Amino acid sequence: MLSQLYIENIAVIQKASIELRKGLNVFTGETGAGKTMLISAINAVLGGRTSREIIRSGERRALVSALFTDLPEEVCSMVEELGYEAEDGQLMISRELDTEGRGSCRIGGRPATTGLLRQLAGHLIDVHGQRDSQELLSPDRHLSFIDNFGGICLEEYQEVFRRLAGVREELEQSRMDESYRLQRQDMLRYQVDEITAAQLSEEEEEELVSQREIIRNAEKITSALGAIYDLLNGTEDQQGLLSSFELLGEELSTASRYLRQLSEYDDRITETGYDLQELSSTVRDCLDQYQFDPRQLDDIENRVDHIQKLKKKYGGEIPDILAYLERISDELEQLDHSDERIASLEEQQRQLEQQAEKMAGELTQRRKKAAAELIRLIQQELTYLDMPHVRLALSCQKKDLALNGADVMELLISANPGEEPKPLSKIASGGELSRVMLAVKNVLADRDDIGTMIFDEIDTGVSGRAAQKIGRKLREVARHRQVLCVTHLAPVAAYGTHHLKICKEIQGDRTYTKVRSLSPEERVEELARITVGENITPKALESAREMLILAAKEFAGADGV
């Protein structure tokens with residue numbers, strides 16, 4: 001349950017620390033005291049949308065924190081899955097707002113987001129305000145009421161529907177304009193042929209550039225090779241280096257027989273002679289190999305130029321062109337076999353449509369069964385809430401397959417005997433909507449495990465005996481969960497197990513709001529004030545005291561509060 005609520009700088013509320021209890025907590029107060037801001041603060045700490053205007057005038061920041069206790073195991077586990085802790089079944093959540101549009105959220109003292117707060121909120125509190133009654137005017141919400149009541153899970157159907165939607169989208173793309181498809185095929189086939197014919201490889205360009213440099217410098221290379229060869233082997237006029245080294249080796253070998261310190265040089269000269277002989281052979285081979293033809297340079301230049309054009313045309317380097325070739329080859333193959341693919345997709349669509357329609361039909365039957373029981377229970381609640389002649393009916397129509405099935409279901413109402421049931425928006429008054437919504441909430445309450453329910457002026461548009469029955473019904477709901485109710489009617493407030501008054505004070509030119517728990521005598525005075533206004537008479541006090549006594553007797557020992 002929500003044990004403590006702290007509010008700071010929210011509209012007229014400067015600071016308020018509110019202790020809440022089990023059972024039915026009722027809030028009363030004069031108009032403008034800040035009852036609406038109390039609900040706004042709770043919505044804010046639950047991650048709801050807020051505006052900077054909610055911050056108290058003249059202040060830069062606002063803060064709301066809420067302490068929850070006695071959390072069930074499943075909620076504690078969910079908190080842990082989100083990366084937080086609910087130690088001993090307790091959890092503190094808070095939200096700070098500022099005038100700059102920045103703010104912060106915390107769960108258990110650790111930073112969080114409004115999205116996480118909203119995710120938690122669905123397991124902690126169910127807030128119902130006057131605006132929520134308008135949900136009854138939307139047929140889409142009626143369908144969710146029925147699904148919630150019947151415990152109808154849509155996951156399996158939705159999985160099939162999403163697959164069907166995917167196949168439909170792919171099929172639509174595959175059935176592109178025939179002329180466009182042919183044009184695309186021609187273009188892709190030309191590109192595939194052009195790139196394939198080029199026979200590109202990642203190493204080729206580097207090799208071509210190297211060859212081009214060699215050919216461009218062929219004269220220099222040939223001249224240098226000839227000179228090297230002549231220096232090694234000699235000419236008619238000059239002895240070569242190889243002959244000199246041979247003679248040097250012979251003389252050094254003779255000397256090293258007697259002078260040991262020369263022996264190491266003998267080996268080196270011998271090895272160097274071998275290296276020079278090998279160099280001479282390599283140079284001769286190069287001279288024989290590089291017989292340069294000027295036309296060869298033209299071929300290389302043309303090849304390099306062709307590769308550059310392909311790079312400009314298809315982007316990037318050779319690896320990018322080859323990757324592009326693979327992609328367009330796959331696309332071309334798909335286009336070439338598009339007829340077969342379309343036939344395959346059409347068959348998949350037919351099978352998935354049959355499966356989805358079958359599952360949607362099963363959903364319809366389950367929904368009709370659940371709706372019949374839901375209507376029966378809501379009518380029981382409405383009879384109790386002084387709407388005995390109300391008759392509910394279900395309008396059920398088919399629609400195209402959608403994510404929530406193929407049903408358009410709407411609850412219809414006939415408020416008087418002999419009238420045909422019609423949409424709620426046509427005939428229901430504000431008071432009737434409030435009572436119907438309370439009835440729906442009460443029936444659906446058994447289908448969830450949310451520990452706290454909040455009703456903001458659920459008694460709008462009703463009075464007298466109907467108000468008393470609303471109070472009694474709220475007290476019954478509060479037997480099994482904590483209920484917070486903002487009310488302006490004494491018959492409702494009398495059923496509270498904990499009464500809090502929202503008081504407005506004006507100091508100077510500023511308005512301040514405080515929230516305080518009322519003692520038994522203060523409750524009598526507050527109920528009398530709600531009933532007759534500020535001029536409280538002894539008769540009004542006696543009537544208020546009688547309301548409290550009757551409510552207490554009615555639930556004496558029944559709700560354990």
Side-chain angles (χ1 to χ4, degrees), residues 190-329:
Y190 171 81
Q191 293 180 346
V192 167
D193 291 343
E194 183 179 35
I195 298 173
T196 303
Q199 296 183 333
L200 300 174
S201 68
E202 296 184 29
E203 303 82 8
E204 181 188 15
E205 187 176 17
E206 184 178 349
E207 185 179 338
L208 287 170
V209 171
S210 176
Q211 290 179 5
R212 183 175 61 183
E213 287 302 305
I214 291 173
I215 296 175
R216 283 177 174 177
N217 295 279
E219 187 175 343
K220 291 180 182 179
I221 295 171
T222 302
S223 176
L225 289 173
I228 294 170
Y229 190 80
D230 288 344
L231 287 170
L232 289 171
N233 294 283
T235 63
E236 292 180 358
D237 302 325
Q238 184 179 355
Q239 185 176 351
L241 191 57
L242 286 175
S243 298
S244 298
F245 251 81
E246 184 178 354
L247 180 58
L248 175 62
E250 290 175 357
E251 297 298 337
L252 186 59
S253 178
T254 300
S256 64
R257 293 176 192 168
Y258 308 102
L259 300 174
R260 293 182 178 178
Q261 62 267 35
L262 297 177
S263 59
E264 62 175 300
Y265 296 103
D266 185 16
D267 294 337
R268 293 184 194 176
I269 289 297
T270 302
E271 290 177 6
T272 303
Y274 292 150
D275 289 341
L276 291 174
Q277 289 175 1
E278 185 177 347
L279 175 60
S280 175
S281 298
T282 303
V283 169
R284 185 181 66 248
D285 292 342
C286 288
L287 284 168
D288 294 339
Q289 179 180 354
Y290 291 107
Q291 299 297 321
F292 303 112
D293 183 351
R295 290 175 298 180
Q296 187 180 4
L297 179 60
D298 291 339
D299 293 339
I300 292 175
E301 293 284 11
N302 290 335
R303 178 63 174 169
V304 171
D305 184 58
H306 183 54
I307 292 174
Q308 290 300 319
K309 287 180 179 178
L310 291 175
K311 288 167 68 173
K312 288 181 180 179
K313 188 173 183 179
Y314 298 111
E317 300 299 322
I318 288 178
D320 301 312
I321 298 174
L322 295 175
Y324 176 72
L325 173 63
E326 184 176 357
R327 290 198 303 272
I328 62 175
S329 296

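On a predicted model such as this, the values are computed, not experimentally measured, just so you know.
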In chain order, what residues pass the salt bridge (Lys or Arg N to Asp or Glu O under 4.0 Å) check against Glu207, with sequence neighbours excluded?
none
Could you list all the salt bridge (Lys or Arg N to Asp or Glu O under 4.0 Å) pairs where at least one residue sits in residues 274-284, not counting sequence neighbours?
none
Give me the atom names and distance for the closest heavy-atom approach of Leu262 to Leu252.
CB-CD1, 4.2 Å
Enumerate the ring-ring contact (aromatic ring centres under 6.0 Å, His included) contacts for residues 296-320, please, sequence neighbours excluded, ordered by first and then second residue.
Tyr314-Tyr324
Check whether any side-chain heavy atom of Glu194 lies under 4.5 Å from a side-chain heavy atom of Lys313, and answer yes or no.
yes
Please evaluate residues Glu326 and Leu322 with respect to the criterion side-chain contact (heavy atoms from CB on, under 4.5 Å), reporting the C-alpha separation (whole Å), side-chain torsions for both, the decisive distance (0.1 Å), and the verdict.
CA-CA 6 Å; Glu326 184 176 357; Leu322 295 175; over 6 Å; no
Please determine whether side-chain contact (heavy atoms from CB on, under 4.5 Å) holds for the pair Leu231 and Leu241, giving the CA-CA distance in whole Å, both sets of side-chain angles, and the decisive distance to 0.1 Å.
CA-CA 6 Å; Leu231 287 170; Leu241 191 57; 5.6 Å; no
Could you go step by step and tell me if Leu208 and Ile307 meet the side-chain contact (heavy atoms from CB on, under 4.5 Å) rule?
CA-CA 11 Å; Leu208 287 170; Ile307 292 174; 3.9 Å; yes
Any side-chain to backbone donor/acceptor pair from Ser256 onto Ser253? Under 3.5 Å, distance only.
yes
Considering residues at least two apart in sequence or located in another chain, which fulfil the salt bridge (Lys or Arg N to Asp or Glu O under 4.0 Å) criterion with Glu246?
none
Donor-acceptor pair, distance only, cut-off 3.5 Å: does the side chain of Ser243 make one with the backbone of Gln239?
no
Below 4.5 Å, heavy atoms only, C-beta onward: do Asp299 and Arg303 meet side chain to side chain?
no
Tell me the salt bridge (Lys or Arg N to Asp or Glu O under 4.0 Å) pairs involving residues 252-265, sequence neighbours left out?
Glu264-Arg268
Taking Ser329 for the side chain and Leu325 for the main chain, is one N or O donor matched with an acceptor at less than 3.5 Å?
yes
Name all residues meeting the salt bridge (Lys or Arg N to Asp or Glu O under 4.0 Å) criterion together with Lys311; count only those two or more places apart in sequence or in a different chain, and write none if there are none.
Glu205, Glu317
Separation between CG of Leu242 and OG of Ser280, rounded to the nearest 0.5 Å:
5.5 Å
Please check if the number of heavy atoms outside Gln261 that lie under 6.0 Å from its CD is greater than 12.
yes
Flag the pair Gln277 / Leu232 as yes when at least one side-chain heavy-atom distance between them is below 4.5 Å, and no otherwise.
no
How long is the span from the CG atom in Leu248 to the OG1 atom in Thr272, to the nearest 0.5 Å?
9.5 Å
Atom OG1 in Thr196, atom CD in Gln191: separation rounded to 0.5 Å?
11.0 Å
Does the side chain of Leu200 reach to within under 4.5 Å of the side chain of Ile318, using non-hydrogen atoms?
yes
